[in-house]
Amino acid sequence: MQVPAPVEYERARSVEDALALLERRGPEARLLAGGHSLLPMMKLRLARPQVLIDVNELSDLAYIRVEGGDLRIGAMARHRDLLESPVAWEHFPIMREAETVIADPLVRNRGTVGGSLCQADPNEDLSAVFAALKAQAVIRSTSESRVVSMDQFHQGPYTTAVGPAEMLVELRVPIRPGSGSAYEKVERRVGDWPVGAAGAFLRLDAGRVAEAGIGLAAVGAEHFRVPAAEESLVGEEPVEEAFTEAGRLAAEGCHPVTDQRGPADYKRHLAYELTRRALRRAAARARGEGDQPCR
Amino acid sequence: MTTAEAPPANPVGFGRMTRKEDARFVRGKGTYVDDVVLPGMLHGAVLRSNLAHARIVSMDTSAAEAHPKVKAVITGKTLEGLKLAWMPSLSHDVVPVLATDKVRYQGQEVAFVVAEDRYSARDALELIEVDYEPLPPVMDAREALSPGSAVIRDDIEGKADNHIFDWEAGDRSATDQVFERAEVVVTQDMLYPRVHPAPMETCGAVAHMDKVSGKLTIWCTTQAPHAHRTLYALVAGLPEHKIRVISPDIGGGFGNKVGIYPGYVLAVVGSILTGAPVKWTEDRSENLMSTSFARDYHMHGEIASTRDGRITGLRVKVLADHGAFNNTAQPSKFPAGFFHVFTGSYDLEAAHCEVTGVYTNKAPGGVAYACSFRVTEAVYLVERMVDCLADELGMDPAELRLKNLLRPEQFPYMSKTGWEYDSGDYPRALRLAMDIAGYEQLRAEQERRRRAPAPQGAPAPLMGIGVSFFTETVGAGPRKHMDILGLGMADGAEVRVHPTGKAVVRLSVQTQGQGHETTFAQIVAEQLGIPPEDIEVVHGDTDNTPFGLGTYGSRSTPVSGAAVAVAARRVRDKARLIASAMLEVDPDDLEWEKGRWFVRGNPTSARTIQEIALAAHGPLELPEGVEGHLDAQCVYDPPNLTYPYGAYICVVDVDPGTGVVKVRRFVAVDDCGPRINPMIVEGQVHGGLADGLGMALMQVIAFDTDGNCLGGSFMDYLLPTSMECPSWELGETVTPSPHHPLGCKGVGESATVGSPAAVVNAVMDAIGVRHADMPLTPAQVWRAMQGRPLRTDLALA
Ligand SMILES: Cc1cc2nc3c(=O)[nH]c(=O)nc-3n(C[C@H](O)[C@H](O)[C@H](O)COP(=O)(O)OP(=O)(O)OC[C@H]3O[C@@H](n4cnc5c(N)ncnc54)[C@H](O)[C@@H]3O)c2cc1C
């Protein structure tokens, strides 16, 4: 049994309560969501918060719904909620595709969307998904509520725009007709973190790409994105040559590091190959072909 | 309305039945070491080195000692005072219980804290200050013997290098001649990387020294309770009759729980010093980083053949990485285990192998993980070499094997390296596997796919078919050749029938999940006709069982199974004499039918084993020389090893764009002689196949050049799940061992031994590459396809 360092525990009854506790207990306090990133680090004593503020009672933050032209996902929605959400699947098949390859059912039952994003692990699949979708994050403190883009949200490995006395409460993804999305991941084994992963979002207009989003996980892409690859697609026909060029730019635009999951050259190759594959399937979906969300 | 189907009645003897022990396991009612709770029990935690190689300059434990809940802090110095700082290894080396002079691998034990609870013990570890002087770590086995290399074992007087042993087997000059004459020679370097058994239950112990009786009781995760007791007696100087080792339910062993770990000894010392029982349970990372690993064999193979594919010779040089201390568990005479069975299943003219063992700054161990004393490495080598040869000759690998397999009439077969294979019909097993797989159709499908035009978009998967044939060498072993630290590898058993006809069988071996409580009851049932549910199997407690060397190397059925069968037959013979007195006939006029003795020609005149048991305990006047009661014992010294074998075929699909391997099918034909409980045998095969697939595709304990272990958690050390495993397709042939009382050969490790080569052969077949080292992760497969395979044991900076 791995034993964490001594820690205090508080239970938040509401968002306001959680924010007040954060403010009161200072920067050594941590929110405890699903605990699937935080607790393993505490057991290894890599993380030593003084106090945990458990937000698992905040079930009013566990929603996934359409509102104001956006898909809105509460920070406490569990991986499993997103996996099984018909409305998420309908608008963004990339979400279910990513969720089926995140961890295992045990982790997905507890781990949250908010926790995943706030952890900001460079390997986090959902970070790549929301980056590809150009989502927005709603961050609250006792005094204000602000909305930031994904680029602003992700500030680097394990760092986000969420301040010590703040909390991520919601993600907003604009719903765009004529679009398609897909996720591709290579893992060494089911339930493993990605060796490399790519998510793609395409909106087509009159047979050409009107909007493109590419999110990459685990390959050292800044803000999980490769803007040059995205830009190369806009105005192009969604054909093999365009995907290959975007894949090439994606590989060029990332900075993978060698580790036990694979050497840098392989990860760079995955950025290329998986970007192409995700784009291909996203385009098919946008055209109304292939594996479509069931209604 | 539906009615539940009644479960089939248990066989009275061999046959399928659900496991007797499962009732408690599926209810969560097992008792593992960590479930043992004693009044006043304290908890221990081990401080481990974070460096792979460093001198201990000083250590300050005062802050830890001042912790209000800490009862004792034990260091190497404490142990030196007790003459317990070092203990003998299982291979005639020494191992530190706690480091005194240097630390020699990351994760080595440095201090032990005993506290009122587990949390405080762990917290107090952080209060110990150790001042280390870092030394250059030796992480690359291939550089360990270089003149400039740091000397790891300066504790050994006069030691000036990292060399452990040189060992050879076979006929060198005959082999050289075969190679000189050979029409074709293929050479290949290959690494069987370091892997770890990772049993579900980590290692642990509860030690209780009763100061009044002077008796030490140790509940411990051990596969060999009797051997442990003797070793405690020898090392600590405690009288053996005052030591009781209890191995309760064990959550997996695979060789990981054969040796004595410092933690066990520390729990004992902790109990002696504090006067209270002390529990120590390691966590997952401690288990992966510090306990017995397996493999780590760097092999250079050469195979010789004629142009038409008759294999004539095999020559191998091995560099064996044993880590910082030589602590492999294997028979004394064989420093490389049974590696010299590397000629495998083939009829060659000559063979020779050389093995050099070296020290590196890695955890010690070596023979763990279902390897049958290094047969795994041997089988992997020969089965890969045969495939490399097939590639060179442009021959089908199955055809090449059929051409060279030993023929049934060659048994018993004396191998070129001195093994006497007991029995086998190898071509039959391979043909059966090919039939089940539909080998011809698979090759036709592969051809079709290779010719098909490339699809639009994502590339089509590459299909590969891999064959392996293995001969196992288990059931160690004949005591005149085999011992562990001087203890001969024979096993005792005792069978006792109670007055009411129920029975108890006491074993020297200990189950870690293999189902002994069922299998051994079935062995007795088969011999005596007593239903298995009426037979209690007692094991894992040195105060209640006869001496023996334990469960590993697939030896339980070959050795203890034989002991039990012989003891039960002795009971049957005794029952005959008692029945003759009961029936007032001559014993020679009695005939046995399962469960009863009857008068020849008059089958109604009979006595059942239950009636005989009652009479044996009653006033019946017994024949001359027959003592009362109905029991017998046996110490079984196996006349030879047993040689189970099998033919495996694996089909994979490789994504050429990503290197991802999907195992589509796996066919396993095993011959382990008669199957006592076919369901348990199949379970053993299923588990072993999953293990083998894991080693082939994902498992490795690698290190970086600074000495950090890169496989220290399940995030990095990957075990396969049901998602990676295909639905195993099993087949069997039955060729009894002529020298085993039941003909049984053992099966515990067969699938782990045989399967990795089949998977690797299939992947190489798919991608058209001659060789790449395991594990064949997506990255490794992709790099192999680029002609730049990775070195998998060492992360180069
Ligand atoms: C075995 C295993 C396998 C995994 N595999 C994958 C995988 O393949 N892909 C993948 O992407 N992920 C994987 N994960 C991570 C998983 O997705 C985690 O659930 C997730 O990273 C964290 O979510 P959580 O709710 O558990 O967060 P927690 O662990 O509770 O919290 C993580 C961090 O975020 C902070 N936090 C949480 N919620 C908020 C909030 N609303 N506002 C501000 N800060 C907050 C916490 O204080 C903490 O610092 C795996 C995890 C495990 C254990």
Side-chain angles (χ1 to χ4, degrees), chain A residues 1-7 37 40-41 43-46 48 100-101 103-105 121 123 184-198 239-240 243-244 247 256-274 276-281 283-284 290, chain B residues 34 43 45 117-123 125-126 202 204 281-286 456-459 655-661 694 697-700 702 704 710-725 775-783 786 788 790 792 795-797:
Chain A
M1 185 176 82
Q2 273 153 339
V3 182
V7 63
S37 289
M41 291 201 307
K43 285 180 174 184
L44 296 169
R45 301 200 174 198
L46 295 172
R48 291 163 173 267
T100 53
V101 290
D104 50 46
D121 187 310
N123 303 302
E184 291 278 345
K185 169 173 172 175
V186 165
E187 51 191 0
R188 294 171 299 174
R189 189 204 62 189
V190 164
D192 187 22
W193 294 80
V195 183
V239 292
E240 205 53 32
F243 303 153
T244 298
V257 291
T258 295
D259 60 18
Q260 279 302 94
R261 294 200 181 95
D265 62 346
Y266 173 66
K267 293 183 181 179
R268 199 180 285 283
H269 166 75
L270 283 184
Y272 165 76
E273 182 65 24
L274 299 184
R276 288 165 72 213
R277 290 184 185 191
L279 284 169
R280 230 177 253 144
R281 292 198 302 109
Chain B
D34 203 40
H43 296 264
D117 59 75
R118 201 178 275 202
Y119 297 88
S120 304
R122 174 67 183 82
D123 289 346
L125 295 184
E126 296 184 352
T202 60
T281 308
E282 68 189 2
D283 66 32
R284 180 59 61 192
S285 293
E286 293 182 286
Q456 271 286 88
D655 182 333
T658 60
V660 171
V661 175
L697 299 181
M698 60 191 81
Q699 280 167 243
V700 63
D704 68 16
L710 303 177
S713 85
F714 280 158
M715 203 164 113
D716 303 305
Y717 189 70
L718 302 175
L719 300 179
T721 72
S722 60
M723 303 299 287
E724 283 75 36
C725 296
L776 298 175
T777 57
Q780 173 69 327
V781 172
W782 182 78
R783 284 287 291 262
Q786 314 290 309
R788 297 179 297 127
L790 298 160
T792 54
L796 298 168

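Chain letters run A, B, ... following the sequence lines, proteins first, then strands; residues in each count from 1.
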>> Please identify, among A/P6, A/G191, A/G262, the residue contributing the most non-hydrogen atom pairs under 4.5 Å to chain B.
In response: A/P6
> So, A/E273 and B/T658: side-chain donor and acceptor under 3.5 Å apart, yes or no?
Replying inline: no
> Any salt bridge between A/R277 and B/D655, counting N to O under 4.0 Å?
Replying inline: yes
> Considering only heavy atoms, which portion of A/R45 lies under 4.5 Å from any heavy atom of chain B: side chain, backbone, both, or neither?
Replying inline: side chain
>> Looking at A/R276 and A/E240, is any side-chain nitrogen of the basic one under 4.0 Å from a carboxylate oxygen of the acidic one?
In response: yes
> Checking heavy atoms, do the side chain of A/R188, its backbone, both or neither come under 4.5 Å from chain B?
Replying inline: both
>> Can you tell me which portion of B/L697 sits under 4.5 Å from chain A's heavy atoms? Options are side chain, backbone, both or neither.
In response: neither
>> Which atoms of B/P720 are under 4.5 Å from chain A, going by heavy atoms: the side chain, the backbone, both sets, or neither?
In response: backbone
>> Just so I understand: if I count every heavy-atom pair under 4.5 Å between each of B/T281, B/V660, B/L719, B/L718 and chain A, which residue has the most?
In response: B/L718
>> Please identify, among B/A121, B/G457, B/A45, B/G694, the residue contributing the most non-hydrogen atom pairs under 4.5 Å to chain A.
In response: B/G457
>> Need one label for A/R280: side chain, backbone, both or neither, based on atoms under 4.5 Å from any heavy atom in chain B.
In response: side chain
> At what distance, to the nearest 0.5 angstrom, does NZ of A/K43 lie from OG of B/S713?
Replying inline: 11.5 Å
> In terms of heavy-atom pairs under 4.5 Å, which option from A/D265, A/L274, A/L270, A/V186 contacts chain B the most?
Replying inline: A/D265
> Looking at A/R281, A/R261, A/Q260, A/R189, which makes the most heavy-atom pairs under 4.5 Å with chain B?
Replying inline: A/R189
> Of the backbone (N, CA, C, O) and the side chain (C-beta and beyond), which part of B/V661 lies under 4.5 Å from a heavy atom of chain A, both, or neither?
Replying inline: neither
> Of the non-hydrogen atoms in B/Q699 and B/Y717, which two are nearest, and what is the gap between them?
Replying inline: NE2-OH, 2.8 Å
>> Any heavy-atom pair between the side chains of B/D283 and B/T202 that's under 4.5 Å?
In response: no
> Would you say the side chains of B/Q780 and B/T777 form a donor-acceptor pair under 3.5 Å?
Replying inline: no
> Checking heavy atoms, do the side chain of A/V190, its backbone, both or neither come under 4.5 Å from chain B?
Replying inline: both
> For the candidates B/E282, B/E286, B/M723, which exhibits the highest count of non-hydrogen atom pairs separated by less than 4.5 Å from chain A?
Replying inline: B/M723
> Can you tell if the side chain of A/R268 reaches within under 4.5 Å of the side chain of A/P256, non-hydrogen atoms only?
Replying inline: yes
>> If you define the side chain from C-beta out and look only at heavy atoms, does anything of A/P263 sit under 4.5 Å from B/R788?
In response: no
>> Among B/M698, B/R284, B/R783, B/Q786, which residue has the highest count of heavy-atom pairs closer than 4.5 Å to chain A?
In response: B/R783
>> Just so I understand: if I count every heavy-atom pair under 4.5 Å between each of B/Q456, B/E724, B/R118, B/M715 and chain A, which residue has the most?
In response: B/E724
>> Can you see whether B/S120 engages B/D123 through a side-chain donor-acceptor pair at a distance of less than 3.5 angstrom?
In response: no
